[in-house]
Amino acid sequence: IRRGTSVERTLYLKYLSIRPFKTGPAQKLFKFVRIANPRVRLYSQLAFISQYPYQAFSFLEDYPYSLTEWEQLNLYASMLHNSIPIPELYHYLDASNPTVVIFTLRMIRWHYVMPKDRERLLQLIDHPGGQIRLEAYKTIVELNMKAVGDVFRYHYLNETTEVKKAMVDY
């Protein structure tokens, strides 16, 4: 942070709540959550979550960048630290960005959010992206969804070793 730009330092200090937020409405901060600089983007996302908990993940809609595992862990930790209520997550499963879908599946699994429409989760096991399929299987197993054994057996032979391990855990 000491070597970072003034924008990075300012956003980091705002995130830590060392000094009060002076940006005003959410729109002023929202423009930084999609900026090209990854550090500024992360700190502004963390600040956005802590300052606007009821819009916590709204910046993920049409998110243009890859959401790294480091960013995912920071967002999750910020949610826990600030006691932010779990937002509606299932509509992010339709995101065009695969890393947003993966993060959503992890959040569903970590918070044990039961699906309103279990078919939506089951559709993801046919997704062309291997990592999304793996996360979908892990989520289905963790949520202990009933009556999916036949679906698992149908897909078992065509899956990777990692996915097969997740399926066996069921």
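Bear in mind that the values here come from a model prediction, so they are computed numbers and not experimental data.
Closest non-hydrogen pair, Pro53 versus Ile84, comes out as O-CG2, 3.6 Å. For Arg133 against His127, the heavy-atom pair with the smallest separation is NH1-O, 3.0 Å. Closest of all the heavy-atom pairs between Ser66 and Glu71 is O-OE1, 3.3 Å. Considering every non-hydrogen atom in both Arg34 and Pro64, the closest pair reads NH1-CD, 3.9 Å. Nearest heavy-atom pair, Leu105 versus Glu135, reported as atom, atom and distance to 0.1 Å: CD1-CB, 3.7 Å.
For Glu69, the CD atom counts as loosely surrounded, since its 6.0 Å shell holds 12 or fewer non-hydrogen atoms of other residues, nucleotides or ligands. For CG of Asp62, the number of neighbouring non-hydrogen atoms (other residues, nucleotides, ligands) closer than 6.0 Å is 12 at most.
Both Trp70 and Leu60 are part of a single hydrophobic cluster, where members link through side-chain heavy atoms under 4.5 Å apart. Placement of Tyr92 and Tyr54 in two distinct hydrophobic clusters is found when ILVMFWY residues are connected by side-chain heavy-atom separations under 4.5 Å, directly or transitively.
You'll find the side chain of Glu119 reaches within 4.5 Å of the side chain of Leu122, heavy atoms only. Counting only heavy atoms from C-beta outward, the side chains of Leu75 and Phe59 approach each other to under 4.5 Å. Annotation: side chain of Leu124 is in contact with side chain of Ile132 (closest heavy-atom distance under 4.5 Å). Using a 4.5 Å heavy-atom threshold, the side chains of Ile140 and Val151 count as separate. You'll find the side chain of Pro87 reaches within 4.5 Å of the side chain of Met79, heavy atoms only. No side-chain heavy atom of Ile102 sits under 4.5 Å from any side-chain heavy atom of Leu134. Between Gln55 and Phe48, some side-chain heavy-atom pair lies under the 4.5 Å cut-off.
In this structure, the separation between CD1 on Ile35 and CD on Gln45 is 11.5 Å, given to the nearest 0.5 Å. Interatomic distance, OH of Tyr137 versus CD of Glu162, reported as 13.5 Å (0.5 Å rounding). Between atom CD1 of residue Ile49 and atom NE2 of residue His81 there is a gap of 12.5 Å, rounded to the nearest 0.5 Å. Between atom OG1 of residue Thr139 and atom CD1 of residue Ile125 there is a gap of 12.0 Å, rounded to the nearest 0.5 Å. Interatomic distance, Gln72 CD to Thr104 OG1, rounded to the nearest 0.5 Å: 9.0 Å. Here the CG atom belonging to Leu42 is positioned 10.0 Å from the CZ atom belonging to Arg39, to the nearest 0.5 angstrom.
Between the Arg109 side chain and the Leu143 main chain, no donor and acceptor come within less than 3.5 Å of each other. Under the 3.5 Å distance criterion, the side-chain polar atoms of His111 are left unmatched by any main-chain donor or acceptor of Val113. Judged purely by atom type and a 3.5 angstrom limit, Tyr90 has no side-chain atom pairing as donor or acceptor with the backbone of Arg120. The backbone N or O of Asn74 sits nowhere less than 3.5 Å from a side-chain atom of Ser78 that would complete a donor-acceptor pair.
Note on ring orientation: taking the six-membered ring where Trp is involved, the planes of Tyr65 and Tyr63 are perpendicular (angle over 60°, cut-offs 30° and 60°).
Judged by the 6.0 Å and 45° rule, Arg106 forms no cation-pi pair with Tyr76.
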